[in-house]
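To start, the structure under review is shown below, and the notes come after it.
Keep in mind it's a predicted model, so treat the numbers as computed, not measured.
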Amino acid sequence: ALGRGILDENAATELEEALIQADTGPQTAEELVEDMRVWMKNAGGGVIAETLREALGLRISRILRSAEVPANSNQIPKITLIVGVNGTGKTTTAAKLAARFSADGEKIILGAADTFRAAAVEQLKIWGERLNIPVIAQAEGADPAAVAFDTVQAAINRDCDRAIIDTAGRLHNKTNLMAELEKVVRVIKKLREEVEILLVLDAAVGQNGLVQVKCFAESLPLSGLVVTKLDGTAKAGIIVRAVAELKKPVLYVGVGEGIDDLIPFDAEAFAKNLIS
Amino acid sequence: ALTERLNRAFRDLSGYGKITPENIEPALREIKLALLEADVHFKVVKEFLSLVRERSNGKEVLDSITPAQQFVKIVHDELTKVLGGESAVAEAASNTAGIYFLCGLQGSGKTTAAAKLAHLFGNAALAALDLQRPAAVEQLKVLAERIGAKFIPPQFPNDARRSAAHIRDIFPSLECKHLIVDTAGRLQIDDELMNELKDVHEIINPSETVMVLDAMTGQEAVKVAEAFRARIGLNSIFLSKTDGDSKGGAALSIRFITGIPIKWIGTGETPQAVEQFHPDRFAGRILG
Ligand SMILES: Nc1nc2c(ncn2[C@@H]2O[C@H](COP(=O)(O)OP(=O)(O)OP(=O)(O)O)[C@@H](O)[C@H]2O)c(=O)[nH]1
Ligand SMILES: Nc1nc2c(ncn2[C@@H]2O[C@H](COP(=O)(O)OP(=O)(O)OP(=O)(O)O)[C@@H](O)[C@H]2O)c(=O)[nH]1
Ligand SMILES: [Mg+2]
Ligand SMILES: [Mg+2]
């Protein structure tokens, strides 16, 4: 079968199930298997299993690369806003990003704009202390937009290179919470036009991951995605469809709970892990 | 919704939408897609489809003038059965006095679930055993204060095992009916942390071990539950963040494959946002 330029049903089913198991979802799994059918036909005879897997990995990494990475901005200070549903790793990612840019010699300020959840501000403050990076915060229950504003204003006043603002987790189907986030962005833009907005996704998310990207992209000018907890067994397969349909690039990947456990996105490595 | 998709599948078959065991396949395919898109584990989908195939060869569908509706009813019934039927509600409602031990992946909602159970049961003490996450102890402390539950902070902030022993030893003196222990999130493949979990679980010797699972979890859910169960045993699942719009197929998958019942669902961020799990309502959600 593999030797005659035809993808036999067993091989096709095997591929499809591996992709579904990796959370690509049935539609993307079917499309990718169809891509491989076409590829096999064009490849003619003598294809071995490894080559097929390689071709699949290449196809997936091409899809992942199809989203344009936003151009570097010259704005001072740069502003990054971290958003996403509850528990995905936003606060930890904000700290990791702060550490990363701080190590590059940048002067960073953090904004604790999660004014809702118990001990959210304390959590970010502890990271700030560990990194010797100031954290702007207000009282619990304060308007998150006010904290965001204060953070950007402080970054401007103190000649910082970058402000990184953490927000509260929120489910995308809660209109009032999404409106709250839109207000945060509007208020930041009163001070600075360019805001890098990163949506943080948990690698173990299922098909809802696509809905999350859709909804957050509808509400906000998303710059890109961060996929966390890829040090686990989950493969974040939904990312393939999310990137293909919504054209948002994955910029970073979280691979642990430590401050150094954030790496720039590598499409080939991600694709390889997906089909392994 | 699935009913419309099934209507179309049946209409395509013949003028009257009358079905036979042969042309039931397009309808089964629609169900397969719906379940996979709902995050039901693909192995569970396979087995579930054969259950449905068997039942749909019966008179109730073959003689029905509204086969699509009949079909949906069968699927809904079978899903409800898988999710535990009526017994699941009774199981959850028991809320017997004892020691509840919460575990699960990072960010699944354990600390919040601990407060929810404390609030639901009443007369509960909350014990903090997450010594790793910044401000985790503070988070549980604040929640405990909000709901008027007693709070046990870690006696040895650098030693989970000794802190666990302290919790076990001090609980009787608190005169609370329930003890709810919150632990640190961990990956099921992290050997060191899974060993730590096993040790503290042994020390605390809980009456109920609960895995907190995020309702938006995908295909990995079964693997995760099986790993936690293998290490410390699991009595129940607390399904969190069901106020989102994910279908929650992960919960169905765990119940189907491991038999572990889902007993509670989290329906929001506050300690009050918790309910007993109802299989039939959840079946509707998966199909919706
Ligand atoms: N293994 C692993 N754990 C992670 C990673 N990123 C974050 N975590 C853990 O996930 C849990 C949740 O992280 P947080 O940063 O509090 O998540 P959050 O999105 O800010 O949560 P909310 O603000 O409550 O919505 C913590 O236990 C983190 O240590 C990662 O890349 N790998
Ligand atoms: N909307 C909603 N949010 C929830 C629910 N349960 C928990 N959360 C939120 O999910 C996030 C994570 O909850 P935590 O209780 O901190 O999760 P955790 O499992 O203790 O996290 P780690 O200790 O880091 O592993 C928080 O923002 C919670 O408010 C729920 O049922 N609905
Ligand atoms: Mg946070
Ligand atoms: Mg916790």
Check whether any side-chain heavy atom of A/Lys174 sits under 4.5 Å from a side-chain heavy atom of B/Asp243, and report yes or no.
yes
Quick one: of B/Lys32, B/Glu138, B/Gln132, B/Lys43, who has the most non-hydrogen atom pairs under 4.5 Å with chain A?
B/Gln132
Please give me the minimum heavy-atom distance between A/Gln123 and B/Pro134, naming the atom from each residue.
CG-O, 3.4 Å
Taking every non-hydrogen atom, the tightest pair across B/Val142 and A/Ala118:
CG1-CB, 3.8 Å
B/Arg146 bridged to A/Glu140 by N-O distance under 4.0 Å:
yes
Between A/Val85 and B/Met216, what is the shortest heavy-atom contact and its length?
CG2-CE, 3.6 Å
With the threshold set at 4.0 Å, does a side-chain nitrogen-carboxylate oxygen contact exist between B/Lys46 and A/Glu17?
yes
For B/Gln106 against A/Asp202, the heavy-atom pair lying closest together
O-OD2, 4.4 Å
Under a 4.5 Å cutoff for heavy-atom pairs, which residue among A/Leu124, A/Val121, A/Asn86 has the most contacts with chain B?
A/Asn86
Rounded to the nearest 0.5 Å, what separates atom CD in A/Gln212 from atom OG in B/Ser246?
8.5 Å
Measure across A/Ala119 and B/Ala135 and return the closest heavy-atom pair with its distance rounded to 0.1 Å.
CB-O, 3.7 Å
Return the minimal non-hydrogen interatomic distance between B/Glu269 and A/Gly169, and the atom names on each side.
OE2-O, 3.8 Å
Assess the residue pair A/Arg241 and B/Glu37 against the criterion (salt bridge (Lys or Arg N to Asp or Glu O under 4.0 Å)); give the C-alpha distance rounded to whole Å, side-chain angles, the decisive distance to 0.1 Å, and a yes or no.
CA-CA 13 Å; A/Arg241 185 167 175 187; B/Glu37 281 160 14; 5.4 Å; no
Check each atom of B/Ile189 against the heavy atoms of chain A and say whether the ones under 4.5 Å are side chain, backbone, both or neither.
side chain
Proximal component of B/Lys247, with respect to chain A [non-hydrogen, under 4.5 Å]
neither
If we define contacts as heavy-atom pairs under 4.5 Å, which of A/Thr91, A/Asp231, A/Val211 has the most with chain B?
A/Asp231
Out of A/Lys229, A/Gln207, A/Glu30, which one racks up the most heavy-atom pairs below 4.5 Å with chain B?
A/Gln207
B/Gln139 versus chain A, the contacting section by heavy-atom distance below 4.5 Å:
both
